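See below for the structure under consideration.
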Amino acid sequence: MRIRTARPDDAPAVVALRAIVHPYLVRGVESTRRMIAQPPPGEQWTAYVVEVDDTVVGWVSAYRNDQTSERDVGEVSLLHVHPEHRGQGAGTALLTAALGHLRDIGARRVRTWALPESLPFARRHGFTPSRELRYSALDLRPAPPMPEPPPGVRLLALTDVEPRRVYLAEVAAAADEPEDVPVDSISYENWCHEIWENLGLDRAASTAAEVGGELVAFSLVKRDGNRMWSDYTGTVPAHRGRGLARLVKTAALHRAAAGGVRVAYTSNDEANAPMLAINVRLGYRPVGSSWSCLRDLS
């Protein structure tokens, strides 16, 4: 077993490993390759893999969270090891490398996500579970019908929307999302890199709602083949309570299905009752969960 820094050419193996451990996550090979080769500016992002006999059996990334106003927050993202290679030190080696990187870049507080069966591992390494995240799936056969917008509401595909308008709507919608670490400080540059320029973003399926010339709700679709991820659905605070989040999400699902998507995945904080209710009404079913876990980094 050996641990090393990830390389762009690891992307196919990393995606194959993720499909085993996290089958409900959607990020294709080319998106993963770009993430490794061109990480977001300012995050000081890095990733590590564990190899056994030249086969990638573990992965983790670590970076500074630059989407929050909280200072010195680091993230340990998607630490996972192939089930056949657990209990042999690979997870500990990956976590040690990730935390070492975060110390080097000055992080003082760390968040990670752990599957329920990995919570004992997280606790042993000083993390405290805090919030539960639900993963859900929706079979798009048959596709939901295209919804009819109410008077005064115009539905737009993101192919017809200027990116800064979407960015401003997302900043407004995300400010009060239930989170251990608030998402209240992402720059336009980094948003473009991670969202608008993401190779998996399906702008033809992603949908926004416009009222009086203002972009007030949106649902972003990231796609890999016939699978999609509802990356974020939100409504700006002044326009909530009008059913706009369900409207744009239903339209996005309809458009994605028309483009060949067969299954949709999403995630929601268990405290986000409004969005969970929308997903239940749309027919989503739970397929997994993970826990936000926190620790201080001395």
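Only a predicted model underlies this, so the values are computations on that prediction, with no experimental measurement involved.
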Please give me the minimum heavy-atom distance between [X] and [Y], naming the atom from each residue.
X	Y	result
V153	A209	CG1-CB, 4.0 Å
G259	R223	O-NH2, 2.7 Å
L247	E148	CD1-O, 4.3 Å
R227	L25	NH2-O, 3.1 Å
W291	P129	CE3-CB, 4.2 Å
S31	L199	OG-CB, 3.6 Å

Indicate yes or no for a side-chain donor-acceptor contact from [X] to the backbone of [Y] under 3.5 Å, with no hydrogens or angles considered.
X	Y	result
Y167	I186	yes
T266	A264	no
D202	A205	yes
D53	T55	no
N198	K222	no
H85	V57	no
E214	V216	no
H125	P120	no

Original post:
Parallel, tilted or perpendicular for W191 and W196, by the 30°/60° rule?
Top reply: parallel
Less than 3.5 Å apart, which donor and acceptor atoms pair up between the side chains of residues 91-108 and the rest of the protein, not counting sequence neighbours?
residue, atom, partner, partner atom, Å
T96, OG1, T92, O, 2.8
H101, NE2, Q44, O, 2.6
R103, NE, S298, O, 3.2

Can you tell if the side chain of [X] reaches within under 4.5 Å of the side chain of [Y], non-hydrogen atoms only?
X	Y	result
H82	W59	no
L244	F218	no
R246	K249	no
V261	V221	no
S118	W113	no
T233	M275	yes
N190	Q67	no
H80	R18	yes

Approximate separation, where rounding is to 0.5 Å, of [X] [atom1] and [Y] [atom2]:
X	Y	atom1	atom2	value
L155	T207	CG	OG1	6.5 Å
L282	S230	CG	OG	9.0 Å
D180	S130	CG	OG	3.5 Å
S267	L133	OG	CG	4.5 Å
S219	L158	OG	CG	9.0 Å

Original post:
Going through the checks in order, is the salt bridge (charged side-chain N to carboxylate O under 4.0 Å, His left out) test met by D231 and R27?
Top reply: CA-CA 11 Å; D231 190 58; R27 185 190 282 272; over 6 Å; no
**OP:** Mind running salt bridge (charged side-chain N to carboxylate O under 4.0 Å, His left out) on D66 and R64 for me, showing each step along the way?
**Re:** CA-CA 6 Å; D66 69 347; R64 179 187 305 280; over 6 Å; no
**OP:** Apply the test salt bridge (charged side-chain N to carboxylate O under 4.0 Å, His left out) to residues R134 and D269: give CA-CA distance (whole Å), side-chain angles for both, the deciding distance (0.1 Å), then the verdict.
**Re:** CA-CA 6 Å; R134 180 192 304 183; D269 191 288; over 6 Å; no
Same apolar cluster: [X] and [Y], side chain cutoff 4.5 Å:
X	Y	result
I3	V60	yes
L294	V110	no
W229	L201	no
V287	V26	yes
I195	Y188	yes

**OP:** Determine, step by step, whether T5 and T46 satisfy the side-chain contact (heavy atoms from CB on, under 4.5 Å) criterion, reporting the C-alpha distance in whole Å, the side-chain angles of both residues, the deciding distance to 0.1 Å, and the verdict.
**Re:** CA-CA 8 Å; T5 302; T46 195; 4.1 Å; yes
With a 3.5 Å cut-off and no angle check, do the side chains of [X] and [Y] form a donor-acceptor pair?
X	Y	value
S185	S69	no
R123	T128	no
S136	N279	no

Presence of salt bridge, [Y] and [X], under 4.0 angstrom:
X	Y	result
E30	R33	yes
R141	D139	yes
D176	R240	yes

Subject >> side-chain contact (heavy atoms from CB on, under 4.5 Å) evaluation trace for L215 with V166 >> reply: CA-CA 7 Å; L215 205 68; V166 185; 3.9 Å; yes
**OP:** Determine, stepwise, if the pair L119 / C293 fulfils side-chain contact (heavy atoms from CB on, under 4.5 Å).
**Re:** CA-CA 9 Å; L119 288 175; C293 300; 3.9 Å; yes
Original post:
Does the pair E197 and R34 meet the rule for a salt bridge (charged side-chain N to carboxylate O under 4.0 Å, His left out), with working shown?
Top reply: CA-CA 10 Å; E197 297 167 5; R34 178 177 181 264; 3.5 Å; yes
**OP:** Step through it carefully: locate the ring centre of Y24, locate the ring centre of Y265, and say whether they are under 6.0 Å apart.
**Re:** no
Original post:
Is the F127-F121 ring centre distance short of 6.0 angstrom?
Top reply: no
Pair up each side-chain donor or acceptor in residues 70-79 with any protein partner under 3.5 Å, not counting sequence neighbours, and list the distances.
residue, atom, partner, partner atom, Å
E70, OE1, R109, NH1, 2.8
E75, OE1, R111, NE, 3.2
E75, OE2, N65, ND2, 2.8
E75, OE2, R111, NE, 3.2
E75, OE2, R111, NH2, 2.9

Original post:
Does atom CZ of R4 have more than 12 heavy-atom neighbours from other groups under 6.0 Å away?
Top reply: yes
Subject >> Audit row: V50, V81, side-chain contact (heavy atoms from CB on, under 4.5 Å) steps and yes/no >> reply: CA-CA 8 Å; V50 164; V81 176; over 6 Å; no
